[in-house]
Amino acid sequence: MEITNLMLLNRFRKCAHIQYHRKRRFRGQGRILILLQENGRMSQKELTGILERRAATLSEQLENMEKSGLIRREVSASDRRNLDIMLTPEGEQAAVEARQERERMADELFGILTGEEKEQLYPLLKKLADAWAADEAKQGEEIK
(Lines give C-alpha, C1' and ligand atoms only; values in the text may rest on other atoms or scores of the structure.)
Protein backbone atom coordinates (compact mmCIF):
# COMPACT_ATOMS: atom_id res chain seq x y z
CA MET A 1 0.00 0.00 0.00
CA GLU A 2 1.35 3.41 -0.96
CA ILE A 3 1.09 5.99 1.80
CA THR A 4 -0.12 9.29 0.38
CA ASN A 5 0.35 12.82 1.67
CA LEU A 6 -3.35 12.93 2.53
CA MET A 7 -3.01 9.77 4.62
CA LEU A 8 -0.07 11.33 6.46
CA LEU A 9 -2.05 14.53 7.05
CA ASN A 10 -4.97 12.59 8.50
CA ARG A 11 -2.72 10.58 10.82
CA PHE A 12 -0.86 13.75 11.85
CA ARG A 13 -4.15 15.53 12.64
CA LYS A 14 -5.36 12.58 14.71
CA CYS A 15 -2.13 12.54 16.74
CA ALA A 16 -2.29 16.32 17.23
CA HIS A 17 -5.94 16.12 18.28
CA ILE A 18 -5.22 13.44 20.88
CA GLN A 19 -2.22 15.39 22.19
CA TYR A 20 -4.09 18.70 22.34
CA HIS A 21 -6.96 17.28 24.36
CA ARG A 22 -4.82 15.58 27.01
CA LYS A 23 -5.53 16.82 30.51
CA ARG A 24 -2.74 19.13 31.59
CA ARG A 25 -2.63 21.34 34.63
CA PHE A 26 -0.65 24.17 33.03
CA ARG A 27 -2.16 24.22 29.53
CA GLY A 28 -0.54 27.14 27.73
CA GLN A 29 1.32 28.30 30.84
CA GLY A 30 3.85 25.52 31.35
CA ARG A 31 6.32 26.79 28.79
CA ILE A 32 6.12 30.31 30.22
CA LEU A 33 6.76 29.01 33.74
CA ILE A 34 9.73 26.92 32.59
CA LEU A 35 11.24 29.82 30.58
CA LEU A 36 10.97 32.15 33.56
CA GLN A 37 12.51 29.56 35.85
CA GLU A 38 15.42 29.04 33.46
CA ASN A 39 16.01 32.73 32.71
CA GLY A 40 14.83 34.55 35.81
CA ARG A 41 13.37 38.00 35.17
CA MET A 42 12.36 38.49 31.54
CA SER A 43 10.64 41.30 29.73
CA GLN A 44 7.20 40.73 28.28
CA LYS A 45 8.71 41.68 24.92
CA GLU A 46 11.37 38.94 25.24
CA LEU A 47 8.72 36.36 26.10
CA THR A 48 6.60 37.41 23.13
CA GLY A 49 9.55 36.88 20.79
CA ILE A 50 10.59 33.51 22.21
CA LEU A 51 7.07 32.12 22.41
CA GLU A 52 6.10 33.52 18.98
CA ARG A 53 2.71 34.59 20.31
CA ARG A 54 0.81 37.77 19.68
CA ALA A 55 1.47 40.36 22.36
CA ALA A 56 -2.25 40.55 23.22
CA THR A 57 -2.48 36.76 23.64
CA LEU A 58 0.56 36.63 25.90
CA SER A 59 -0.65 39.63 27.89
CA GLU A 60 -3.94 37.83 28.59
CA GLN A 61 -2.10 34.67 29.69
CA LEU A 62 0.19 36.67 31.95
CA GLU A 63 -2.78 38.47 33.46
CA ASN A 64 -4.35 35.12 34.36
CA MET A 65 -1.06 33.86 35.76
CA GLU A 66 -0.69 37.02 37.85
CA LYS A 67 -4.23 36.63 39.22
CA SER A 68 -3.35 33.04 40.14
CA GLY A 69 -0.28 34.25 42.03
CA LEU A 70 2.25 32.54 39.73
CA ILE A 71 4.02 35.66 38.43
CA ARG A 72 4.62 39.33 39.20
CA ARG A 73 4.86 42.05 36.57
CA GLU A 74 6.91 45.17 37.25
CA VAL A 75 7.94 48.15 35.18
CA SER A 76 11.49 47.53 33.96
CA ALA A 77 14.15 49.56 35.73
CA SER A 78 16.23 49.74 32.54
CA ASP A 79 13.39 50.70 30.18
CA ARG A 80 10.24 52.06 31.74
CA ARG A 81 8.28 51.24 28.56
CA ASN A 82 8.67 47.50 29.24
CA LEU A 83 7.30 45.16 31.87
CA ASP A 84 9.52 42.58 33.53
CA ILE A 85 7.97 39.25 34.45
CA MET A 86 9.21 37.11 37.33
CA LEU A 87 8.00 34.03 39.15
CA THR A 88 6.56 34.22 42.65
CA PRO A 89 7.45 31.42 45.10
CA GLU A 90 4.18 29.72 44.03
CA GLY A 91 5.28 30.17 40.41
CA GLU A 92 8.65 28.55 41.15
CA GLN A 93 6.84 25.47 42.50
CA ALA A 94 4.46 25.48 39.54
CA ALA A 95 7.45 25.62 37.15
CA VAL A 96 8.90 22.49 38.78
CA GLU A 97 5.53 20.76 38.40
CA ALA A 98 5.16 21.96 34.79
CA ARG A 99 8.60 20.56 33.92
CA GLN A 100 7.69 17.21 35.53
CA GLU A 101 4.36 17.20 33.69
CA ARG A 102 6.14 17.88 30.38
CA GLU A 103 8.60 15.04 31.00
CA ARG A 104 5.76 12.67 31.93
CA MET A 105 3.87 13.62 28.79
CA ALA A 106 6.93 13.06 26.60
CA ASP A 107 7.42 9.63 28.19
CA GLU A 108 3.74 8.76 27.61
CA LEU A 109 3.75 9.98 24.01
CA PHE A 110 7.05 8.55 22.86
CA GLY A 111 7.77 5.79 25.37
CA ILE A 112 6.23 3.21 23.06
CA LEU A 113 8.89 3.85 20.43
CA THR A 114 12.15 1.96 20.40
CA GLY A 115 15.43 3.86 20.44
CA GLU A 116 15.84 3.10 16.74
CA GLU A 117 12.37 4.44 15.95
CA LYS A 118 13.15 7.65 17.87
CA GLU A 119 16.38 7.99 15.89
CA GLN A 120 14.33 7.75 12.68
CA LEU A 121 11.49 10.03 13.81
CA TYR A 122 13.55 12.93 15.18
CA PRO A 123 15.28 13.95 11.91
CA LEU A 124 11.99 13.58 10.02
CA LEU A 125 10.20 15.90 12.44
CA LYS A 126 13.12 18.35 12.28
CA LYS A 127 13.04 18.31 8.48
CA LEU A 128 9.31 19.06 8.47
CA ALA A 129 9.57 21.82 11.10
CA ASP A 130 12.50 23.48 9.32
CA ALA A 131 10.72 23.39 5.95
CA TRP A 132 7.47 24.70 7.41
CA ALA A 133 9.29 27.50 9.27
CA ALA A 134 11.19 28.49 6.11
CA ASP A 135 7.94 28.51 4.13
CA GLU A 136 6.25 30.63 6.78
CA ALA A 137 9.16 33.08 6.79
CA LYS A 138 9.06 33.28 3.00
CA GLN A 139 5.31 33.97 3.03
CA GLY A 140 5.88 36.70 5.64
CA GLU A 141 8.40 38.35 3.31
CA GLU A 142 5.97 38.22 0.39
CA ILE A 143 3.21 39.83 2.44
CA LYS A 144 5.34 42.85 3.41
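Values below: every heavy atom of this structure, side chains too, minus hydrogens, waters and symmetry copies.
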Hydrophobic cluster membership, [X] vs [Y], 4.5 Å side-chain cutoff:
X	Y	result
L128	F12	yes
L35	L33	yes
L51	M86	no
I34	L62	no
L125	M105	yes

Would you please say whether a donor-acceptor pair under 3.5 Å links the side chains of T88 and E90?
yes

Side chains of Q139 and D135 only: does a donor on one sit below 3.5 Å from an acceptor on the other?
yes

How about [X]: does its [atom1] atom have over 12 heavy atoms from other parts shown lying under 6.0 Å from it?
X	atom1	result
I3	CD1	no
I112	CD1	no
N5	CG	no

Give, for atom [atom1] of [X] and atom [atom2] of [Y], the distance between the pair rounded to the nearest 0.5 Å.
X	Y	atom1	atom2	answer
Q61	L70	CD	CG	12.0 Å
H17	C15	NE2	SG	11.5 Å
Y122	K126	OH	NZ	6.5 Å

Which heavy-atom pair separates [X] from [Y] by the least distance, and what is that distance?
X	Y	answer
G28	R53	O-NH1, 3.4 Å
L87	A95	CD1-CB, 4.1 Å
A98	G30	CB-CA, 3.9 Å
Q44	A55	NE2-O, 4.4 Å
M65	I32	CE-CG2, 3.9 Å
L121	L113	CD2-CD1, 3.7 Å

Minimum side-chain heavy-atom gap [X]-[Y] below 4.5 Å:
X	Y	result
M1	M7	yes
Q37	V96	yes
M42	I50	yes
L83	V75	yes

Does E38 pair with R99 as a salt bridge, N-O distance under 4.0 Å?
yes

Output yes when a side-chain donor or acceptor of S76 lies under 3.5 Å from a complementary backbone atom of S78, and no otherwise.
yes

Salt bridge (Lys or Arg N to Asp or Glu O under 4.0 Å) partners of residues 100-115, not counting sequence neighbours, each pair once:
R22-E108

Pairs meeting criterion salt bridge (Lys or Arg N to Asp or Glu O under 4.0 Å) with involvement of residues 73-89, two or more places apart:
R41-E74, R41-D84, E66-R73, R72-E74, D79-R81

Derivation of the side chain to side chain contact (heavy atoms under 4.5 Å, CB included) call for E63 and E60:
CA-CA 5 Å; E63 186 176 320; E60 185 177 325; 5.6 Å; no

